[in-house]
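For reference, the structure is listed below as structure tokens.
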Amino acid sequence: MVLKRLSLSLFLGFLLTSLIVPSSIARFVVEKNSLRITSPDKIKGTYDSAIGNFGIPQYGGSMAGAVVYPKDNKKGCKEFDGFGISFQSKPGALPTFVLVDRGDCFFALKVWNAQKVGASAVLVADDMEEALITMDTPEEDVSSAKYIENITIPSALIEKSFGETLKKSLSNGDMVNVNLDWREAVPHPDDRVEYELWTTSNDECGVKCDMLMEFVKDFRGAAQILEKGGYTQFTPHYITWYCPQAFTLSRQCKSQCINHGTYCAPDPEQDFSSGYDGKDVVLENLRQLCVFKVANETKKPWVWWNYVTDFQIRCPMKEKRYNKECADAVIKSLGLDAKKIDKCMGDPNADSDNPVLKEEQNAQVGKGSRGDVTILPTLVVNNRQYRGKLEKGAVLKAICSGFEETTEPAVCLSGDVETNECLDNNGGCWQDKTANITACRDTFRGRVCECPLVDGVQFKGDGYSHCEVSGSGRCKINNGGCWHESRDGHAFSACLDVDGGKCQCPPGFKGDGVKSCVDVDECKERKACQCPACSCKNTWGSYECSCSGDLLYIRDHDTCISKSGTEVRSAWAAVWVILLGLAMAGGGGYLIYKYRLRSYMDSEIRAIMAQYMPLDSQAEVPNHVHDERT
């Protein structure tokens with residue numbers, strides 16, 4: 001049996017009115033691991049222990065430690081710091097396994113208090129002689145949610161008699177060494193692991209549902225790589241109840257059930273008068289089952305993880321979007337066949353069995369070594385119920401322990417999972433194929449749909465159905481989403497990168513600026529080229545205007561002027577330029593002539609005078625005439 005189960009809290013209203021009952025008589029199987037005493041010799045041997053449904057059991061491995069029974073705070077309900085107790089093992093010593101007594105507080109709180117002061121594992125001794133039970137987490141205690149999430153050590157419940165044996169040995173001063181072994185906790189018959197997750201689409205059922213949703217998002221990437229590689233075969237399941245025949249026409253059954261009380265779920269808010277009804281949860285559970293079946297038919301069963309994650313993000317109850325319209329949008333974004341899914345769901349108002357949900361009710365009943373499914377969520381690996389925290393690393397370790405030795409895939413040996421979901425249907429996210437831009441971003445935890453930042457330009461939107469450019473520089477990215485077109489070497493764009501950006505048709509066009517801009521016929525609408533002598537011809541984005549006769553069109557003034565007037569002015573200008581040039585040339589020639597004439601006259605005068613008297617610049621000329629008398 002189990003200590004707590006989902007029906008106790010979620011169906012409180014139903015149990016009070018005795019309207020809804022489980023679909024079968026429960027047969028509980030407690031998942032066990034082997035506890036072996038290695039010393040002292042007088043108690044050496046192997047004993048059973050029930051794996052706690054929180055913390056992280058070492059599936060596929062074992063752990064050795066020394067048992068310690070505290071002198072104070074024996075039940076572990078108070079913090080050990082207050083008693084000056086520490087379980088931190090010394091360097092080189094075995095890890096400490098703390099033994100505490102059952103009672104007075106939640107199992108999880110005992111383990112948390114021991115973990116905080118250094119315990120490596122916790123053994124809880126039962127306080128009555130009974131068959132072992134599963135230690136579960138408190139379902140409605142919101143204050144415990146944080147510490148439950150942070151529990152990372154394994155724990156196990158042991159029988160009262162075995163607990164007394166351990167206490168007696170410790171009181172005698174014996175060193176009690178224990179080996180916890182999880183290697184056979186999960187069967188490992190072959191090279192493929194089959195596992196299933198019992199879940200719900202209800203996101204308002206408290207702490208456990210919050211942890212479940214977080215796990216699905218976290219584990220999606222690992223699950224998909226295992227499934228795509230053919231290493232695992234995964235199947236999702238959903239728990240349903242039925243309403244007793246005598247009450248099928250009651251208001252409660254009608255609001256919480258479909259198919260005339262055959263398949264029911266608890267009211268999400270536990271308030272029949274407001275919010276969503278249980279039948280809304282049943283319908284979405286059924287839809288998620290059909291998503292898996294349709295995806296499985298297309299050989300892509302892993303798409304279920306994308307749908308469930310996206311539905312959780314896009315269609316939460318808190319935002320009043322938990323409905324068929326939102327679900328259909330997610331289905332469309334993932335490229336699934338909505339008609340096949342609707343056909344699979346069938347008629348919820350029919351007074352007959354629904355084949356899909358009937359199969360789920362039958363699957364709840366335990367078979368072979370697996371007990372009935374009563375705890376939500378429940379993970380089953382190779383037909384053995386997993387116990388421990390629903391955390392990616394712990395679950396991956398449990399699944400990997402289900403492979404036959406030496407057949408484990410590489411993911412089990414590396415601890416790293418790499419996948420790129422954006423390559424398949426763009427991950428169901430928004431994309432602009434023209435600009436080659438996508439909102440799909442692949443991460444270790446799976447893909448996320450977030451509007452991107454491209455070349456410094458931020459896109460804004462939900463990332464699934466739309467993303468729009470915003471801010472400065474938006475026109476650089478696909479023209480800011482505005483209209484643009486090119487013809488005959490001319491290009492026009494409606495994008496304006498001012499005032500936060502907007503789309504406005506450029507001059508010569510009219511339209512919304514986003515989807516279309518149509519050429520304005522300036523000639524027909526008489527917006528230009530309207531002077532009496534003008535002749536207008538429309539062009540794409542502009543116009544051409546010509547004038548009759550010898551007239552010339554002036555565009556700025558939208559008028560025609562005489563070409564001859566301009567020609568006369570041009571001729572006179574040319575004449576004046578020539579005359580000015582001639583005058584300058586004549587003046588220059590005169591100056592040159594005058595300079596050369598003067599230089600010539602100076603040289604002539606100097607030559608004449610040199611015959612009669614010496615000049616300063618000449619030396620005295622010797623006399624070569626001889627006197628005849630000598």
Side-chain angles (χ1 to χ4, degrees), residues 3-4 32-33 35-37 47-59 61-91 93-127 132-138 141 143-160 162-171 174-182 207 211 387-391 393-394:
L3 182 67
K4 290 182 179 292
K32 302 176 182 178
N33 63 299
L35 188 155
R36 185 164 54 92
I37 300 293
Y47 303 83
D48 281 338
S49 61
I51 304 173
N53 199 28
F54 46 83
I56 304 178
Q58 302 298 313
Y59 280 98
S62 61
M63 177 186 292
V67 178
V68 173
Y69 184 56
K71 294 181 179 180
D72 299 303
N73 194 26
K74 296 180 184 299
K75 292 185 177 180
C77 293
K78 299 178 181 179
E79 294 191 1
F80 287 98
D81 279 340
F83 299 89
I85 298 175
S86 172
F87 300 124
Q88 192 72 45
S89 57
K90 297 179 180 179
L94 286 173
T96 303
F97 290 1
V98 179
L99 175 65
V100 295
D101 295 325
R102 179 182 177 183
D104 293 353
C105 63
F106 294 123
F107 290 125
L109 181 59
K110 299 173 186 288
V111 178
W112 173 240
N113 286 336
Q115 177 182 305
K116 287 194 295 182
V117 288
S120 298
V122 174
L123 303 177
V124 180
D126 206 341
D127 58 356
L132 289 173
I133 65 172
T134 295
M135 298 189 299
D136 201 6
T137 57
D141 184 18
S143 63
S144 66
K146 186 173 182 179
Y147 74 73
I148 291 173
E149 183 180 347
N150 292 324
I151 295 176
T152 57
I153 63 174
S155 60
L157 181 72
I158 60 176
E159 294 177 347
K160 180 181 179 181
F162 179 46
E164 293 299 328
T165 299
L166 291 177
K167 295 174 191 176
K168 183 178 179 180
S169 184
L170 289 168
S171 66
D174 294 330
M175 177 181 290
V176 179
N177 292 336
V178 175
N179 191 51
L180 288 174
D181 194 339
W182 293 270
V207 175
M211 294 175 66
R387 291 289 180 256
K389 180 181 179 182
L390 270 185
E391 185 266 340

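Here, residue 1 is the first one in the sequence, and each next residue gets the next number.
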Full working for side chain to side chain contact (heavy atoms under 4.5 Å, CB included) between Asp126 and Phe162: CA-CA 9 Å; Asp126 206 341; Phe162 179 46; over 6 Å; no

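- Taking the side chain as every heavy atom from C-beta outward, Thr96 and Val98 approach each other to under 4.5 Å.
- Val68 is not listed as a side-chain neighbour of Leu99, based on a closest heavy-atom distance of 4.5 Å or more.
- Counting heavy atoms from C-beta outward, Trp112 and Phe107 have side chains that stay 4.5 Å or more apart.
- Here the side chains of Leu166 and Ile37 are in contact, with some heavy-atom distance below 4.5 Å.
- For the atom pair Asp81 CG and Ser86 OG, the distance stands at 8.0 Å (nearest 0.5 Å).
- With Asp101 as reference, Lys167 is the one residue of Lys160, Lys74, Lys167 to meet the salt bridge (charged side-chain N to carboxylate O under 4.0 Å, His left out) rule.
- The side-chain hydrogen bond (donor to acceptor under 3.5 Å, both in side chains) check on Asn53 picks up Asp136, with sequence neighbours excluded.
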Donor-acceptor contacts, no H, no angles, side chain residues 116-123, under 3.5 Å, sequence neighbours left out:
{"from": "Lys116", "atom 1": "NZ", "to": "Glu79", "atom 2": "OE2", "distance (Å)": "2.9"}

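- A donor-acceptor pair under 3.5 Å links the side-chain atoms of Gln115 to the main chain of Thr152, judged by distance alone.
- Using the six-membered ring where Trp is involved, Phe87 and Phe80 have ring planes that are perpendicular, over 60° apart on the 30 and 60° scheme.
- Under the 4.5 Å side-chain criterion, counting only non-hydrogen atoms from C-beta, Val124 is in contact with Met135.
- Atoms CD1 and CG, on Ile85 and Asp72 in that order, are 5.0 Å from each other to the nearest 0.5 Å.
- Summarising the geometry, atom CZ belonging to Phe54 is positioned 10.5 Å from atom OG1 belonging to Thr134; distances are rounded to the nearest 0.5 Å.
- With hydrogens and angles ignored, the 3.5 Å screen pairs no side-chain donor or acceptor of Asn179 with any backbone N or O of Arg36.
- Looking only at distances, no side-chain donor or acceptor of Asn177 sits under 3.5 Å from a matching main-chain atom of Ala66.
- Pairing each heavy atom of Ala108 with each of Ile151, the nearest pair is O-CD1, 3.5 Å.
- Considering only heavy atoms from C-beta on, Phe83 stays 4.5 Å or farther from Lys71 through its side chain.
- What you find for Val176 and Ser169 is that their closest heavy atoms are CG2-OG, 3.6 Å.
- For the pair Leu35 and Ser49, the tightest heavy-atom approach, listed with the atom from each and the gap, is CB-OG, 4.1 Å.
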query: Are Tyr147 and Asn113 close enough, and set up right, to give a side chain to side chain contact (heavy atoms under 4.5 Å, CB included), and what steps lead you there?
result: CA-CA 9 Å; Tyr147 74 73; Asn113 286 336; over 6 Å; no

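- At least one side-chain heavy atom of Leu170 sits under 4.5 Å from a side-chain heavy atom of Val67.
- Between Ser155 and Val111, the shortest heavy-atom contact is CB-CG2, 3.7 Å.
- Residues satisfying the side-chain contact (heavy atoms from CB on, under 4.5 Å) criterion with Cys77, sequence neighbours excluded, are Lys75, Asp104, Cys105, Lys110.
- With a 4.5 Å cut-off on side-chain heavy atoms, Leu132 and Asp48 count as touching.
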